[in-house]
Protein chains: 2
Amino acid sequence: MDVKTVCLGMLTEGEASGYDLKKAFESSFGHCFAAGYGSIYPALASLAESGCVSCEEIAQDGKPDRKVYRITDKGWEILLEELDNPAPSHKVRSEFLAQMAFAHLMTPEQVQEVLNSRIEDADRNLRFIDEFESSGDCEWPVGVRFTLGFGRAMLHAMKAYVEENRHMFTSSDRQTRKAVAR
Amino acid sequence: MDVKTVCLGMLTEGEASGYDLKKAFESSFGHCFAAGYGSIYPALASLAESGCVSCEEIAQDGKPDRKVYRITDKGWEILLEELDNPAPSHKVRSEFLAQMAFAHLMTPEQVQEVLNSRIEDADRNLRFIDEFESSGDCEWPVGVRFTLGFGRAMLHAMKAYVEENRHMFTSSDRQTRKAVAR
DNA sequence: GACTTTATATATCGAATTGATACAATGCAT
DNA sequence: ATGCATTGTATCAATTCGATATATAAAGTC
């Protein structure tokens, strides 16, 4: 399940350009599987080379050609093989947690600011999920509804944990920092 | 807050080799910020070059030299600057969710197997956190305790969500798949 | 009318990261 | 005695990230 495979999956919904796929990565997958142009265009080129997608170049006046990709039979085959993975990964890379692990080297004010910004970010992402969900003209497939709910559940748990535990870094625990800071 | 900065932070606890840091990345940071040798050794080389760490090579009979790194005053300075970031990121890259988004292209059996393996993985990680937490000879700093609790809260929320929503992919919703699969 | 932002659309580039592998010796267990 | 885990170094190809470049049109703003 790399960028290539997700692109294939997106193309099962219909033909699309690299630009279209980028928008899909931002909206449907933004909260769980981001990808930029630097991943998408090489992925499409590789898929085209291996015959998993076909590409039609549509000339446009002035603008560069619009390249529209379609999934092929071989693409379907590869996609279904990839979807057979029984134990796909779920990874977190958190500069937030890495920084918090060194909270004893920060001032209490710095720590509280970081916690505030994490809550704000969670709220932003929650609003984003709500907007996206209600933006569907038709109804989203089961799996997409599942991932949206998953994202919401995680964000709520994150907010709750931060709010219930930010006291760890104030008052009585203050001397810990003073004792440790070199 | 990249691998270099986390290495610097780890070195505030005392001198260490690349191998030692790898173990720290696996234990304390395994659930939130992983790094392998391919990141750690280049990071240490770069930190040494920029004078943020000093390196002492200790010859060993037969084995290759053991290179022990220590944080310098400049290293402390850089670290404290990095810790001043008020809005560090928290990113998820989930092949699990990406795959689930295409659940309508999988068989119900495949979907349930994926959900089972996700729960098993969460349980493994919960056990790992418990073991790590109780393994501390002395007590962990506040920040580390915070990140461990954070990880636990996320994993519990994940398990709960999966268990409460796996019904989405069975019985009544079954025809959705039949209708969509090409 | 001039100016700026936003959207459409392509693509590349260096830097960072991943995941696997190689090499080399010791010690421990079966 | 033979294989496996541990200690320790390090590299490599493939992938991904984040920023940037190019070009045009529409739409909003001063």
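Basis for what follows: all heavy atoms, side chains included, without hydrogens, waters or symmetry-related copies. Below, chain A is the first sequence line, B the second, and so on; all start at residue 1. Every value quoted in this text rests on a predicted model; they were computed, and no experiment measured them.
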**Asked** Between C:dT8 and A:Y19, is there an OP1 or OP2 to side-chain N/O distance shorter than 4.0 Å?
**Response** yes
Result block: side-chain N/O donor-acceptor pairs under 3.5 angstrom for residues 152-159 of chain A, not counting sequence neighbours:
{"unit_1": "A:R152", "atom_1": "NH1", "unit_2": "A:D130", "atom_2": "OD1", "d": "2.5"}
{"unit_1": "A:R152", "atom_1": "NH1", "unit_2": "A:E133", "atom_2": "OE1", "d": "3.4"}
{"unit_1": "A:R152", "atom_1": "NH2", "unit_2": "A:E133", "atom_2": "OE1", "d": "2.6"}
{"unit_1": "A:R152", "atom_1": "NH2", "unit_2": "A:E133", "atom_2": "OE2", "d": "3.3"}
{"unit_1": "A:H156", "atom_1": "ND1", "unit_2": "A:R152", "atom_2": "O", "d": "3.3"}
{"unit_1": "A:K159", "atom_1": "NZ", "unit_2": "A:D123", "atom_2": "OD1", "d": "2.7"}

**Complete:** For A:H104 and B:P141, the nearest pair of non-hydrogen atoms, with its separation, is ND1-CB, 3.7 Å
**Request:** From the options D:dT16, D:dT11, C:dT17, select the nucleotide whose nearest atom is closest to the side chain of B:D2.
**Result:** C:dT17
**Complete:** Closest to the 5' end of DNA chain D, once B:P42 and A:V3 are matched to their nearest nucleotides, is B:P42
**Message:** side chain to side chain contact (heavy atoms under 4.5 Å, CB included), that's the test. Do A:T5 and B:E95 meet it? Break it down for me.
**Reply:** CA-CA 10 Å; A:T5 314; B:E95 300 190 3; over 6 Å; no
Could you pull out all donor-acceptor pairs under 3.5 Å where a side-chain atom in residues 38-55 of chain B meets a protein atom, sequence neighbours excluded?
{"unit_1": "B:S46", "atom_1": "OG", "unit_2": "B:K4", "atom_2": "NZ", "d": "3.3"}
{"unit_1": "B:S50", "atom_1": "OG", "unit_2": "B:S46", "atom_2": "O", "d": "3.2"}
{"unit_1": "B:S50", "atom_1": "OG", "unit_2": "B:L47", "atom_2": "O", "d": "3.3"}

**Request:** Find the distance A:E26:CD to C:dA9:C1' and express it as a whole number of Å.
**Result:** 13 Å
**Request:** Give the angle between the helix axes at the two ends of the helix from C:dG1-D:dC30 to C:dT30-D:dA1, taking five base pairs at each end and rounding to 10°.
**Result:** 30°
**Request:** Take the protein atom CD of A:E15 and the nucleotide atom P of C:dA9, then report the distance between them rounded to whole Å.
**Result:** 12 Å
**Prompt:** When the distance from CD1 of B:I40 to P of C:dG19 is rounded to whole Å, what number comes out?
**Reply:** 13 Å
**Complete:** In whole angstroms, the gap separating C1' of D:dA19 from NZ of A:K22 amounts to 12 Å
**Request:** Write out all pairs satisfying side-chain hydrogen bond (donor to acceptor under 3.5 Å, both in side chains) with one or both partners inside residues 80-90 of chain B, taking only residues at least two apart or from two chains.
**Result:** A:S94-B:H90, A:Q110-B:D84
**Prompt:** Closest heavy-atom contact between A:M106 and B:L83?
**Reply:** CE-O, 3.5 Å
**Asked** Are any of B:S17's side-chain N or O atoms less than 4.0 Å away from OP1 or OP2 of D:dT7?
**Response** no
**Asked** Base, sugar-phosphate alone, or nothing: which one does A:K67 contact when heavy atoms must sit under 4.0 Å apart?
**Response** sugar-phosphate
**Complete:** Per the under-4.0 Å heavy-atom filter, residues of residues 30-39 of chain B near DNA chain D come out as B:Y37, B:G38
**Fill in**
Sorted by number, residues from residues 83-96 of chain A placing a heavy atom under 4.0 Å from DNA chain C are A:K91, A:R93
**Request:** Output the single nucleotide from D:dT7, D:dT11, C:dA11 whose closest atom is nearest the side chain of B:Y41.
**Result:** D:dT11
